[in-house]
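These notes concern the structure reproduced below.
Chain A is the first sequence line, chain B the second, and so forth, proteins listed ahead of strands; every chain is numbered from 1.
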Protein chains: 2
Amino acid sequence: MTPEEFRAAAHELIDWLVDRRVAIEDRPVRPPVEPGDIRRALPSQPPQGGDSASDLIADLESIIAPGITEVQHPMHFGWFPSNASLSSILGDFASSGLASLGISWESSPSLTEVEEVVVDWLRELTGLSDAWSGVIQDTASTACLVAMLAAREQATEHAQAGGGVLGFGKRLHVYTTGEAHSSVRKGALLAGFAADDIRVIEVDPVSRDMRADALAEAMAADVAAGGVPTIVVASLGSTSVTAFDPLPEIIDIARRHGAWIHADAAMAGSAMLLPEYHHLFAGIEDADSISWNPHKWMGTILDTSLLYLRDPEHLIRVMSTNPSYLQSTAGGEATQYRDWGIPLGRRFRALKLWYQLRLDGPESIRQRLRRDLDNAQWFADRIAEKPGWEVVAPVRLQTVCVRHTPAGLEGDAAAISDHNQRWVRDVNVSGAAFLSPSMLDGGWMARVSIGVESTERRHLEQLLDLMDEHTRI
Amino acid sequence: MTPEEFRAAAHELIDWLVDRRVAIEDRPVRPPVEPGDIRRALPSQPPQGGDSASDLIADLESIIAPGITEVQHPMHFGWFPSNASLSSILGDFASSGLASLGISWESSPSLTEVEEVVVDWLRELTGLSDAWSGVIQDTASTACLVAMLAAREQATEHAQAGGGVLGFGKRLHVYTTGEAHSSVRKGALLAGFAADDIRVIEVDPVSRDMRADALAEAMAADVAAGGVPTIVVASLGSTSVTAFDPLPEIIDIARRHGAWIHADAAMAGSAMLLPEYHHLFAGIEDADSISWNPHKWMGTILDTSLLYLRDPEHLIRVMSTNPSYLQSTAGGEATQYRDWGIPLGRRFRALKLWYQLRLDGPESIRQRLRRDLDNAQWFADRIAEKPGWEVVAPVRLQTVCVRHTPAGLEGDAAAISDHNQRWVRDVNVSGAAFLSPSMLDGGWMARVSIGVESTERRHLEQLLDLMDEHTRI
């Protein structure tokens, strides 16, 4: 493809993409496709080449785009807001077009240093002190695994250098709650902790926040049994019900045993941009690592997850290799982000944040977050006053967990659970809106995650109508 | 940013990016910047917002782009070809613009199924049988870590489910060579193998390929000592000198001990597109996992690394979690790629391959690879006939390892090493070309990695002149 062919094709593609985004409300949120539908519509044999860029847009239009769940749709209330602000998409285009290679400082000084600048901007905007150093990871799942690895090597005094966990000879323990994201368990297992090394600490029955007294007991019991408390993953805004584990108490307990403290604020971290919500993050300054995802509610396009560390030198010691073919003339003064995570090659992801922050600006992002918080409160109030409906978890931020009990089913937990699973599925299959079903106390409920950039009050009104419609028996 | 503002800004950005790419030869390969230069040129305080997209292009032009090492420059011979073909950049734009969220099949059926289709296309184009199932990872480093984790759980019969490596009680061993990429050692250490569990197997002194007899001895010794041979990472085209470990013999030995075999063809895997080079990959069909990077020589923009597995069900068992909030109506029939790797959230990376293969087509890619192979052979012949110069490793593909011995320094290994480090640095600092210095037998040499899309014979002629110029004493 020549540069001029590319130029023409890119202009055509941009127009198609913008037109498509503008018309998003005309499409269903969840596409009416079944597993295998898209695959069957595409040739199983490799192409010969020679198709035109317009041919590809035609296939995007007729086959591929209709098989995408529209997470930027204003009626999308599933999982979490995956906003992909247009400003950050523009930054992503710049990143792709510059096609920079991040394997060392020398391979792209700008890629490294713009990343240092933007993670610092966001550190300051979220109220963290300059004792923190940041890096962009792909996702909070990976960031959590990285924290697990750092903690493992801290607890074993770098047993990776000799002997490993087997040579170290003591069991290493992870502490978290049943509310923690699935990536916490996954990260622990991948980092070499076993399922029976993971302590699922009891939570408060209402808020679902970790009980600090239960954590203290579990750690003391593990130490008494010869084990080593290695890491606590505190959920700051859990996926299902937005639980906030009590960080000051957790840190106090964990410090007594030398355990690493990782604060997982993947979804809720965006709220750190709002000073009036800082109380939810009290104590965070004293953690060892923090991760949160601008690619969720804040609206930077995936994959843009931040990991902040108090002691990057420790992580570098865990992650570093320095082969001759990557040595550069820049020497020790330059940051080598390859030693701050798993992959060697890195994209110029910082441009996504650089574009979003410079074009939209922090204040406009804050205004939008506050609108969503207001909307969530308004929606929870409407649910609370609706007969048969209840808000089943405290509304800490922008997620409202709801459950419907039809007349006549009161007290029949199994039937209520089935009913809630059914109506959520019906709403989702209709394409008119999308919610995530989730389990709470062994029964299904619906999470209404509010915060898509285009979601306004009227969309919540529509959702209330849909919920009425689909819960009529 | 409104859609119409975005449309205008994107068109402006496209034109700037294309103009910049066209003029690439006017710029130095390596920018004349020192650590901290870019950072100091950018504001340390967060922006207020309200900048225009044109302001950002101005800053890209004056600050950021001049701090990028131009890996698509025809005089770039460093590390590996990082081609970022324009067709794949277009696919990346489509991916960004569609802003799809890959956390489950349901969150974007097309993202999952187009990935299944394109990894299958490339499986077929590279001559692998349909016994292999593929997935896109960010990099071969991550793919290698994933293979290590799969191997660890195979050897311990899923000790992650209880007891872990400590409970399993036997040392687990990794086998590779000193030629293997640094990510192999890194992946092993992160997966919980210790440095003294890693066996660096002797290589042939000329080809640098692993010696199968040495592997057999090492495994036997480890078994005799009560250890478990867990994984062999065979380099198929090593970074430094393009060594090819003898896979058929390795597999024969490893199978006797139940070890996992991971074939790391990160750079050289593109040569599997050429039937006449399949002999270099003999035996690959019998490995357990294969990784290679279309984002290197084949020219798909980063991050596009392929991982193929014989038994994805084993990997899924190692990686899977299935929380209620990710359960979908699609049930068990749909592929859930989150269980094939570390991150939960995934981008629509398959579009980069879909665009490149459909627009450029396999035959035009093959022609380009063959041109590069011819160029490498031609270049090696020129070096071999040049007084004072030698080709210090067999030219297996497109990398030529060279060393210069100035008149009078013959036999003084330390001085020759210093001299080669110096002239490579001088060439790189000049900006006229870029080569990677690398160590061989304790002395510096230069790797000339040929394969940038825009590199033609005349650029190699220019490089020969530059090498003469910078090695004059």
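A side-chain donor-acceptor contact under 3.5 Å links B:W121 to the backbone of A:P43. The closest donor-acceptor contact from the side chain of A:E113 to the backbone of B:I38 lies under 3.5 Å.
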Checklist line | side-chain contact (heavy atoms from CB on, under 4.5 Å) between A:E106 and B:R30, worked out | finding: CA-CA 8 Å; A:E106 190 171 36; B:R30 183 188 184 280; 2.7 Å; yes

Notebook entry, point to check: What's the verdict on side-chain contact (heavy atoms from CB on, under 4.5 Å) for B:R346 and A:D138, showing C-alpha distance, side-chain angles and the deciding distance?
Noted result: CA-CA 8 Å; B:R346 309 172 78 247; A:D138 58 356; over 6 Å; no

Next item on the list: In sequence, state the C-alpha distance, the side-chain angles, and the governing distance for A:F80 and B:L101, and then conclude on side-chain contact (heavy atoms from CB on, under 4.5 Å).
Entry: CA-CA 10 Å; A:F80 52 81; B:L101 171 68; 3.9 Å; yes

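The side-chain heavy atoms of B:F6 and A:L17, taken from C-beta on, include no pair separated by under 4.5 Å. Between A:L189 and B:E153, the closest side-chain pair of non-hydrogen atoms is not below 4.5 Å. By the 4.5 Å heavy-atom criterion applied to side chains, A:L60 and B:W354 are counted as neighbours. Taking the side chain as every heavy atom from C-beta outward, A:S183 and B:T321 never approach each other to under 4.5 Å. Considering only heavy atoms from C-beta on, B:D19 comes within 4.5 Å of A:R7 through its side chain.
The heavy-atom pair separating B:A194 from A:G164 by the smallest distance is CB-N, 3.3 Å.
Checked against B:P109 for a side-chain contact (heavy atoms from CB on, under 4.5 Å), the options A:I64, A:T69, A:I68 give a single hit: A:T69.
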